[in-house]
Amino acid sequence: MTRRYSRIVGTGSFLPPRRVTNTELAAQLAQRGIETSDEWIVERTGIHARHFAAPEVSSSDLGAEAARRALQAAGVPLQEIDLIIVATSTPDMIFPSTAAILQRKLGIAGCPAFDVQAVCCGFIHALAVADAMIQADAASKALVIGAEVFSRILDFNDRTTCVLFGDGAGAVVLTASGQPGILATDLHADGRLTDILYVPGHVAGGKALGDPFLRMEGRAVFRHAVTLLGETARAVLDKAGKTEADIDWLVPHQANIRIMLGSAKKLRLPLEKVIVTVDEHGNTSAASVPLALDCGVRAGQIRPGQLLLLEAVGGGLTWGAALLTF
Ligand code: UT7
């Protein structure tokens, strides 16, 4: 019997139209007495601009548009979708899930739709779950989406975090196939590190309690990120019986160009084999990997048959990778 794989057959993404450059953001922060500069942000992160959603726009709005574009690219009719997984840390509501809201916005009903919460590594987790469900014949045509409005949880009085993140969404259509497909996935979490990257606030008794903003010990996250990404990249290659020389494209989480270059160096990959969108998107958390993937596809860089390594690290800490033939 031939093995049942899952395979990406279409990608899509969507960025809210408002593009905010470092210079514009620095001028806004200066009005609050917060000092930063285009030079600092570019040198330390590689970010030049990010997109911010309008106040009435939610993660499900961005995700639904990315999903429509992925469906169109795949040529898969919406009615054939039998699974929706949304990775987000900025859900529309506490419940129902952003996936259920997005399902309604797409205009379908009946198929399972749920969220995955693994912060910046959420899309890799969602992809691994969808892959496992397709391999187990629990689904055949899945929409896997990363969608975020991180601007809502940024403290614009904290220059160490507010310059780093942006809003956006990316999506893939994943279908059952006799041809590989996703070759291997690798997921991890270490809850001992919850307090180096978190949004500690919560809702109780009709009020938002505690601090509802993103807090990060940037240097600690940076240090862990390079090591953990190296380990998870090695793990997926080993699981699939491949080596770094086989990789056509590294599609990393877009948090900081220095982390991405460190990660590529560990894999002995030149910058020319790394999809880079952090310069224009900033860190869009769970949206960053599918956004970068779609940009690489639409720019004609990523082509059918090529071997891709997707990797991410995020709050939790969570980290993981997926190796796939596109
Ligand atoms: O997506 C989830 C994963 N997240 C990440 O991967 C983020 C990982 N961390 C990072 O990317 C980097 O640590 C940052 C970009 C957050 C910070 O870069 P860094 O090179 O680690 O800088 P630093 O935190 O060591 O700060 C250096 C200096 C400090 O001043 P002093 O103490 O040396 O006087 C900061 O106060 O830069 C200062 N600084 C700033 N200056 C201007 C921090 N933020 C800013 C700013 N503008 N926005």
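Atoms within each ligand, like the ligands themselves, are counted from 1 in listed order.
- Follow the hydrophobic side-chain contacts under 4.5 Å out from I153 and you reach I34 in the same cluster.
- Ring geometry for W319 against H188 counts as parallel: the plane angle stays under 30°, on a 0 to 90° scale with 60° as the upper cut.
- Under a hydrophobic-cluster definition in which Ile, Leu, Val, Met, Phe, Trp and Tyr are linked whenever side-chain heavy atoms come within less than 4.5 Å, directly or via other members, I259 and L261 are assigned to the same cluster.
- Within a 6.0 Å radius of CD in Q72, other residues, nucleotides and ligands contribute 12 heavy atoms or fewer.
- When the shell of 6.0 Å around CZ of R298 is examined, it contains more than 12 heavy atoms from other residues, nucleotides or ligands.
- The salt bridge (Lys or Arg N to Asp or Glu O under 4.0 Å) contacts involving residues 43-59 comprise nothing, where partners must be two or more places apart or lie in separate chains.
- In this structure, ligand 1 sits under 4.0 Å from heavy atoms belonging to E35, T36, W40, R44, T45, C120, R159, T160, V163, L164, L197, M216, G218, R219, V221, F222, H253, A255, N256, R258, I259, N283, V313.
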